[in-house]
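Computed from a predicted model, the values in this text were never measured in an experiment. Counting convention: from 1, in listed order, for ligands and their atoms alike.
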Amino acid sequence: QAKSMGRNTLSFFDPAMQAEMSDNARTASDLRDGLRRREFVVHYQPQVDKAGMIIGVEALLRWNHPERGLLSPAAFIPVAEDTGLILPLGLWALETACGQLAAWSKRPETANLSIAVNVSVRQFRHPDFVDSVMACIRASGIRPQRLKLELTESLLADRMEITIEKMGMLKSLGVTLSLDDFGMGYSSLSLLKRLPLDQLKIDRAFVADVLTDPNDAAISRAIIALAQSLSLQVVAEGVETIEQRDFLAYQGCDQFQGHLFAKPLPVEALDALLSNPVSGMVVVG
Ligand code: C2E
Ligand code: MG
Ligand code: MG
Ligand code: MG
């Protein structure tokens, strides 16, 4: 007893762990400053259909940190979630995406594009979440169908009834709902049937090895078949090669996202891509 306590006490002073703790504390206070100083940016990664036409983008947060450079979500989203700062940050991302949709709606070539916004569990659970989505839609004047919310399977771990009810409220606002990183969690088939979803996203962990690992090929095939039988769209993320794209397309995948087509881009680069002569067409095999 005493021995194991001693060990725990010791591990608390583990230098690596302590470094990580103070790193996180620094990140947390930096996050507050960063929000105030508007250091965050949204990058947009194209999503394409079977013909290679861009049909929408996923909004992905980046932090333009004054000392540490451009940071990926892995460096700050976990801390933002722990501290609750994901609430203002997530709202900012949502507002920014709606503003972008409003700008695109003024040009015929971009009027039909959708933007997918990631929603963390903590954001979704917040009592004001549905109201804040409604407020963003109203303020920007966008068609709500163009806004896609990406939810994750961890949302389905508990509090199912309230989750389904909230998803229903979002659907009645007219927004599109997607289940991100699908296949990594535990959503049962019977549960999936009860969710008012529009889309499943195959996690990129499966896509990565779809040609080399028979299990991942089988899982991807099963997800696509499942989506089809539930009349859901299916999109594969992390598509890096033509062979992966072809395999998934052959299985019936509708949409693709990944470095094969484009990396997440600053808005200027995306606008340049969208307004080039082959309007919205990106390379496919
Ligand atoms: P996610 O929603 O699953 O986003 C897809 C991730 O895969 C992105 O990483 C994207 O850059 C990456 N990706 C796309 N195609 C490829 C590819 O072909 N190869 C490789 N290696 N990677 C690819 P990113 O931008 O680092 O974002 C990581 C995660 O951070 C996201 O995963 C999402 O869960 C979270 N995130 C990003 N923005 C937000 C946000 O505004 N709110 C919340 N709550 N989470 C966010
Ligand atoms: Mg996502
Ligand atoms: Mg994903
Ligand atoms: Mg993922």
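With a 6.0 Å radius and a threshold of 12 heavy atoms from other residues, nucleotides or ligands, Met160 has its CE atom above the threshold. Counting heavy-atom neighbours within 6.0 Å of Arg125 CZ, excluding the residue itself, gives a total above 12.
In the candidate list Pro46, Pro73, Gly258, Ala236, Pro73 is nearest to atom 26 (O) of ligand 1, counting heavy atoms. For atom 31 (C) of ligand 1, the choice among Leu60, Val207, Leu89, Ile86 with the nearest heavy atom turns out to be Leu60. Comparing heavy-atom distances from atom 18 (O) of ligand 1 across Gln45, His259, Lys201, Arg62 singles out His259 as nearest. Atom 20 (C) of ligand 1 has its nearest heavy-atom neighbour, among Glu240, Glu58, Glu150, Glu237, in Glu240.
Proximity to Asp181 (heavy-atom distance under 4.0 Å) selects the following atoms of ligand 1: 3 (O). Of all atoms in ligand 1, listed by their number and element, those nearer than 4.0 Å to a heavy atom of Ile77 are 43 (C), 45 (N), 46 (C). Atoms of ligand 1 found under 4.0 Å from any heavy atom of Ala93 (numbered from 1 in listed order, with element): 41 (O). Using a 4.0 Å cut-off to heavy atoms of Asp180, the atoms of ligand 1 that qualify are 1 (P), 2 (O), 3 (O).
Not a single heavy atom of Gly90 sits closer than 4.0 Å to an atom of ligand 1. Ligand 1 lies less than 4.0 angstrom from a heavy atom belonging to Gly238.
In terms of distance to the Mg ion (ligand 2), the nearest N, O or S atom of Glu150 is named OE1. Taking the Mg ion (ligand 2) as reference, Asp180 places its N/O/S atom OD2 nearest. With respect to the Mg ion (ligand 2), Glu58 has OE2 as its nearest N, O or S atom.
The Mg ion (ligand 2) has Asn118 among its coordinating residues (N/O/S atom, backbone or side chain, under 2.8 Å).
Using cut-offs of 30° and 60° on the angle between ring planes, the pair Phe124 and Phe129 is tilted.
Residue Leu61 has at least one nitrogen or oxygen atom sitting less than 3.5 Å from a nitrogen or oxygen atom of ligand 1, judged on distance alone.
Heavy atoms of Pro264 found under 4.0 angstrom from ligand 1 belong exclusively to the side chain. Using a 4.0 Å cut-off between heavy atoms, Leu260 makes no contact with ligand 1 at all.
Under a 4.0 Å N-O distance rule, the pair Glu39/Arg68 does not qualify as a salt bridge.
Using modelled atom types, one finds a donor on one side chain and an acceptor on the other under 3.5 Å when comparing Gln47 with Gln257.
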